[in-house]
Amino acid sequence: MEHLKLNQIIWQVVAMIPEGKVATYGQIARICGYPGHARYVGTTLKQLPDDSDLPWHRVINAKGEIAFPVGSDGYQRQRKLLENEGVQFKQNKIKLLDYRWE
DNA sequence: GTTGTGACTACCA
DNA sequence: ATGGTAGCCACAA
């Protein structure tokens, strides 16, 4: 996956995250072979169509939190999807030690 | 070219 | 734990 555009590589990696697990933005960037591009991962996910089949909800920040402001509709959508997969929240955070992919 | 903008992070008080 | 800060870097204008 070398000469593809970065956003396509990112989509590919995100698609690999298994159900019930999560990955951080920085982690995705690293796996893509582009360490330091955490922000761009988010920027790319933002461009996803709502009907995308990509598991974008399994991507969270390094603190184990959803990147959206708490209470925003994006936040609630993502949280619900994760909880449906069995990912549990401790208040507003996920225990990365338990759910981190890889 | 240069500038502004993030669904980010690591570090430090 | 929590908030501020300074790096970060591809991309669009």
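Heavy-atom basis, side chains included; hydrogens, waters and symmetry copies ignored. Numbers restart at 1 for each chain; the letters A, B, ... are given by sequence-line order, proteins then strands.
- Between the CD1 atom of A/I28 and the P atom of C/dC9 there is a distance of 18 Å, rounded to whole Å.
- Within the structure, side chain to side chain donor-acceptor pair (under 3.5 Å) pairs that include any residue of residues 90-102 of chain A comprise A/T24-A/R100, A/Q27-A/R100, A/Y75-A/N92 (at least two apart or interchain).
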Seminar exercise, completed: Protein-proximity profile, nucleotides 1-13 of chain B, B/S/- by nucleotide at the 4.0 Å heavy-atom cutoff, equals -----BBBSS---

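- If you measure from atom CD1 of A/I10 to atom C1' of C/dC11, you get 12 Å, rounded to the nearest angstrom.
- With hydrogens and angles disregarded, no donor-acceptor distance shorter than 3.5 Å links the side chain of A/E19 to the backbone of A/G86.
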Pair up each side-chain donor or acceptor in residues 45-53 of chain A with any protein partner under 3.5 Å, not counting sequence neighbours, and list the distances.
{"unit_1": "A/S52", "atom_1": "OG", "unit_2": "A/L54", "atom_2": "N", "d": "3.0"}

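- Just one residue in the list A/T44, A/I9, A/I10 forms a side chain to side chain contact (heavy atoms under 4.5 Å, CB included) with A/I28, and that residue is A/I10.
- Annotation: A/H37 is in aromatic contact with A/Y34 [ring centroid separation under 6.0 Å].
- Near DNA chain B, defined here as any heavy-atom distance below 4.0 Å, there are no residues from residues 85-102 of chain A.
- Here side chain to side chain donor-acceptor pair (under 3.5 Å) pairs that include residues 55-73 of chain A, with residues two or more places apart or in two chains, are A/H57-A/E85, A/R58-A/E85.
- The phosphate of C/dA10 has OP1 or OP2 within less than 4.0 Å of a side-chain N or O from A/H37.
- The side chain to side chain contact (heavy atoms under 4.5 Å, CB included) search around A/Q76 returns none, not counting sequence neighbours.
- The salt bridge (Lys or Arg N to Asp or Glu O under 4.0 Å) test applied to A/R79 returns A/E83, not counting sequence neighbours.
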